[in-house]
Amino acid sequence: MATPVLEIDGLSKHFGGVAAVDGVSLSLEPGRIYGLIGPNGSGKTTLFNCITGIERCQAGRVSFNGERIDGLKPYEIARKGIGRTFQVIRVFPELSALENLLVVTRGGLAEAEARALELLRFVKLEGLRNEYAGNLSYGQQKLVEFVRVLMRDPTLILLDEPAAGVNRTLLNDLLDAVRRLRDRGKTVLLVEHDMKVVMGLCETVFVLDHGEKIAEGEPGVIQTDERVIEAYFGR
Ligand code: ADP
Ligand code: MG
């Protein structure tokens with residue numbers, strides 16, 4: 001078996017008395033799309049924060065391409081090849097779409113501009129490259145944020161509710177872009193509430209409830225899992 005891209009083993013993160021992430025283990029293989037679902041407050045964003053070094057976990061380990069990364073700083077983890085978007089949009093409204101991508105570059109500007117334009121084209125936004133990001137629709141801003149993550153060519157991409165608030169057309173562009181990334185060998189883990197999106201996109205789904213992983217499997221199987229139904233509807 002290939003080395004997992006990401007391996008999480010017994011990860012726990014508590015906030016005071018709240019176990020936001022509680023002994024979670026999971027493994028991601030290269031070139032696949034994974035879903036992370038669970039009711040509000042089940043620990044999805046906290047898990048992303050632990051993977052990317054924004055939160056320090058109290059127990060467990062995280063390995064990326066076979067190398068431990070828990071304890072590293074967020075920028076160190078990003079440089080190793082993990083990119084993420086945030087649940088709340090973080091674009092610079094007073095910079096153009098293009099400039100929003102250029103802010104994350106180091107080194108040659110010409111090269112960075114070429115890459116940024118290619119990425120805007122990737123999500124059909126090249127025509128809006130000089131528009132202030134603040135003037136773009138919510139969905140377009142989310143696409144800008146998504147491709148900004150790709151500027152450093154990460155091997156693992158974490159997307160926190162990428163589809164929320166995005167209209168159908170832009171959503172299809174986004175989903176299509178995610179599939180093309182997978183076809184290029186990237187690994188994607190996305191938090192998503194829309195089960196139609198999860199069903200159509202993800203090969204394997206992890207389900208969190210109260211910080212614990214309660215199920216893992218193909219989306220079709222997950223949907224009929226007793227514990228999953230209980231977590232979503234049983235209260
Ligand atoms: P999800 O993304 O699945 O909605 P979160 O990871 O945001 O869930 O939250 C999981 C739990 O941890 C919730 O009970 C939430 O209130 C708590 N939590 C998250 N972040 C913090 C924080 N910085 N301080 C205290 N509690 C937090
Ligand atoms: Mg969240």
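Order of listing sets the numbers, starting from 1, for every ligand and every atom in it.
- In this structure the side chain of Lys142 never reaches within 4.5 angstrom of the side chain of Leu174, judged on heavy atoms.
- Under 2.8 Å from the Mg ion (ligand 2) lies no N/O/S atom of Thr46, from backbone or side chain alike.
- For Asp183 and Arg179, the salt-bridge test fails: no basic side-chain N is under 4.0 Å from an acidic carboxylate O.
- Within the 4.5 Å cutoff, no side-chain heavy atoms of Leu26 are placed close to those of Tyr34.
- At least one side-chain heavy atom of Arg84 sits less than 4.5 Å from a side-chain heavy atom of Asp160.
- Contact of the Phe206 side chain with the Leu47 side chain is not registered, since no non-hydrogen atoms from C-beta on lie closer than 4.5 Å.
- Every protein residue with a heavy atom nearer than 4.0 Å to ligand 1 is included here: Phe15, Val18, Ala20, Pro39, Asn40, Gly41, Ser42, Gly43, Lys44, Thr45, Thr46.
- The side-chain heavy atoms of Leu170 and Lys124, taken from C-beta on, include no pair separated by under 4.5 Å.
- In summary, Asn40 places no N/O/S atom under 2.8 Å from the Mg ion (ligand 2), failing the contact criterion.
- Taking 4.5 Å as the limit, every side-chain heavy atom of Ile37 sits out of range of all side-chain heavy atoms of Leu208.
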